[in-house]
Amino acid sequence: MDMNQYLSMFIDESNDHLQSLNENMLQLEANPEDLGIVQVIFRSAHTLKGMAATMGFEDLASLTHKMENVLDMVRNEKLKMQDYIFDTMFKSLDALETMVQDITGGGEGKADVSSIVASLQAIESGEWTGGSAPVAKVDKQTNSSISNAVELDEFQYSVLDQSIAEGHRVFYVDVLVSEHSQLKGVRAYMVFDMLERSGEVVKAYPSVQDIEQEKFERSFSLYYITTKEAQELEKGIMSISEIESAKLIQLDQETLQQMTNQAAAAVAVEAAPAPVVGSDSPVLDSKPQEEGKAASTKAATPKQAAAPSRTIRVDIERLDVLMNLFSELLIDRSRLEQLASETGNNDLSDTVAHLSRVSTDLQNIVLKLRMVPVDTVFNRFPRMIRDLAKTLDKKIDLVITGAETELDRTVIDEIGDPLVHLLRNAVDHGVESISERVAAGKPEMGTVNLRAFHSGNHVFIEIEDDGKGIYREKLLQTAIKRGVVTEEQGAKMSDDEVNQLLFAPGFSTADKISDISGRGVGLDVVKSKITSLGGNVTITSTPGKGTNFSVQLPLTLSIIAAMLVRLGSEKYAVPLSSIVETAIVQREQVRNIHGNKMITFRESLIPYLSLSEVFGVPDFNDADEKETEIVVIRKGERLAAVAVEEFIGQSEIVLKSMGTYLPAIEGISGATILGDGQVALILDPNAFIK
């Protein structure tokens, strides 16, 4: 069987399972006695192991198998989770992620995990040295002489018994693989995978490990909890190729007791128990079977099985192609609207109006297809903060809100690294050590808030800590010492301007440079990356109370609303999200202050920029005009007025890259094609406000 065709699916699903394992392991660390979480972790690890074994990635499967052994001891209450075990498990997850990344890059998923495996084996055997010895429970059935039975320990029996009492269906399942099958382990894995989609396998014989390594003849048996009917389960199992037969017995509490009896279990295996449906052979005991059905009917309505997934994975390149095609359609729509207006044909106008409505709805759908919750970025941060806190010997509570907020996939792919820098700075340099916090009258545990929310055409992501904050004088003295500003310049700077010094290349206020970060290390990278995405980052801080980094990002980078303006024979587009308002000013209102042109706007002075001078427009000069139209633009809290000749109107425009034909031009973020076929340059307001 050629497994290469499944490689992409394997990588995607492996990453999903690893993310789930990290998240649930963090939950378990907070609630180490919750066996329900252990069961979820065990199932994810088990599925990942089976997938890796099927694909032939033995190292990955082997490490996951060792993790599974430890988890199995925990869920059977033979071992209690402790710090050393958690640390070893997290190291194992890191190694698995490295292996999957290697596979993604075309490798074979190999890594040196001998030390991790040794630690897992020591935990499993009770020889570990990371803390007190594991707490073991004696299995009452370990002396059983039955070698060919599905034995249940006390915990497994209680799980099945309680499930029956709560109205769930419990089945004893016996599956026979065709004698001609060349991939018994794969067929068995497919059966387990199908069953685990709608229920839980509690116990199997032979063991799951032996089954997946094909250490069985042809048949295997298991106890299974579900809400599904026997007919549906049997049909699902038999739909898998090379499965010869599937027999199911629905158990009630009485028949469960019989099945756990050593003699009855041996008889059940040797006699090949008959299925509830689909067979003429007698059932184990018809009366208990009927009573079991009645009890199931009278019991409280069982929880519904999870609905089948209604999502599909789509390669981002396909969405890019779809967006490009729709962009062309949008350009043609603008052209048709202009032609309909010029011709005055009512039928054409009505048709174009309908086309506009339909294409607007299509535009909304296409844009939503590209929108991804920021949770896809946020979900890796709890684990990162946990590791940083342990490294720095701090207590950190990461509070995430607004993870469902959606952003364009292009922005999502780029924003991860800047947020990592900001969070590492908040933990390392923002939040004080435990002793410093206690001395300052603060709780030992510091808090880092990670928030995302919509506001207008933007998404804001805030990282706020309750640490020591930023002290203006210390920051300014460091900047002067490093030659970033002079004393005279520093004296004139506002608090916001001083805070912005943190984004100067290589600037840091850290007393000691650690391998984590110092406030400012890497922040110039953060600034440039966010600016390249059309966003902005601002800082507010209260000394002794904490610091807030606010990142402003555009919702999408593909289609934007813009104001079209004219300068002579040239047209430009200004993103509406950056416009405060438009106005007309008289020439005498423009003042020259210290060599800079300024105008009075809303009782304050703001810079006045001549767009014709900036871009050297040959057939327009606003200095010759008695009155000039202006567009007031915003960057954070700062404003500026840009002089233009004429307003054309508002329009939805398609953002096109300038490509490699033109070098990067300051003040221009791209271009768009208008309805008349002309090209209009799109202004980057951030470049005009320093």
Side-chain angles (χ1 to χ4, degrees), residues 388 392-396 418-419 421-451 461-528 530-531 536-552 593-594 596 604-607 635-639 689-690:
L388 286 176
L392 297 167
D393 194 24
K394 294 181 179 181
K395 295 181 179 180
I396 305 291
L419 293 182
H421 278 295
L422 293 175
L423 284 168
R424 289 169 74 93
N425 272 280
V427 173
D428 186 24
H429 194 77
V431 178
E432 310 96 327
S433 66
I434 294 175
S435 58
E436 289 176 328
R437 291 183 65 84
V438 171
K442 296 182 178 181
E444 288 187 357
M445 181 169 289
T447 301
V448 176
N449 285 285
L450 177 60
R451 292 186 287 261
I461 299 176
E462 294 184 346
I463 294 94
E464 183 176 24
D465 63 65
D466 65 346
K468 65 183 69 172
I470 299 173
Y471 289 83
R472 173 190 170 98
E473 290 307 316
K474 179 182 177 182
L475 180 58
L476 200 53
Q477 288 302 317
T478 304
I480 294 171
K481 181 180 178 181
R482 294 175 183 263
V484 177
V485 294
T486 64
E487 289 191 22
E488 292 75 15
Q489 291 173 326
K492 299 176 182 178
M493 296 174 75
S494 66
D495 289 346
D496 288 340
E497 290 172 331
V498 171
N499 288 340
Q500 288 294 318
L501 293 175
L502 288 170
F503 295 116
F507 183 82
S508 176
T509 60
D511 297 323
K512 295 181 181 179
I513 302 299
S514 68
D515 60 349
I516 307 298
S517 66
R519 176 82 78 186
V521 172
L523 291 189
D524 57 319
V525 178
V526 172
K527 180 79 169 181
S528 60
I530 292 172
T531 301
N536 187 42
V537 56
T538 57
I539 306 171
T540 56
S541 181
T542 303
K545 300 293 185 181
T547 304
N548 180 302
F549 285 83
S550 180
V551 179
Q552 176 185 332
I593 301 176
H594 299 298
N596 298 311
S604 63
L605 286 174
I606 64 173
K635 177 183 177 182
E637 298 300 320
R638 288 173 287 178
L639 304 176
I689 304 178
K690 303 299 183 181

Colleague: Measuring from N499:CG to T547:OG1, what's the distance to the nearest 0.5 Å?
Modeller: 8.0 Å
Colleague: Under the side-chain hydrogen bond (donor to acceptor under 3.5 Å, both in side chains) rule, collect the residues that match up with Q489, sequence neighbours excluded.
Modeller: T486
Colleague: Please report the shortest heavy-atom distance between V537 and Q500, naming the atom on each side.
Modeller: O-NE2, 3.6 Å
Colleague: Nearest heavy-atom pair of P543 and Y471: which atoms, and what distance?
Modeller: CB-CE2, 3.5 Å
Colleague: Search all heavy atoms of L639 against all heavy atoms of P607 and return the closest pair with its distance.
Modeller: O-CD, 3.3 Å
Colleague: Can you name the nearest heavy-atom pair linking L388 to R424, along with the distance?
Modeller: CD1-CG, 3.7 Å
Colleague: Any side-chain heavy atom of N548 sitting closer than 4.5 Å to one from I463?
Modeller: no
Colleague: Say you draw a straight line from CG of L423 to CG of D465; how long is it, rounded to the nearest 0.5 Å?
Modeller: 10.0 Å
Colleague: Once salt bridge (Lys or Arg N to Asp or Glu O under 4.0 Å) is applied, do any residues pair with K442, and if so which ones, sequence neighbours excluded?
Modeller: E432
Colleague: Under the side chain to side chain contact (heavy atoms under 4.5 Å, CB included) test against V551, which residue among N536, I530, T538 passes?
Modeller: I530
Colleague: Given E444, which of K395, R437, K394 fulfils the salt bridge (Lys or Arg N to Asp or Glu O under 4.0 Å) condition?
Modeller: K395
Colleague: State, to 0.1 Å, how close S541 and G546 come at their nearest heavy-atom pair, and which atoms those are.
Modeller: OG-O, 3.1 Å
Colleague: List in chain and number order the residues that pass side-chain hydrogen bond (donor to acceptor under 3.5 Å, both in side chains) with D495, two or more places apart in sequence or in another chain; answer none if no residue qualifies.
Modeller: R472
Colleague: Mind checking the CG-CD spacing from L476 to E487? Nearest 0.5 Å is all I need.
Modeller: 8.5 Å
Colleague: Any side-chain heavy-atom pair from M493 and L501 closer than 4.5 angstrom?
Modeller: yes
Colleague: Would you say L502 and I470 make side-chain contact, with heavy atoms under 4.5 Å?
Modeller: yes
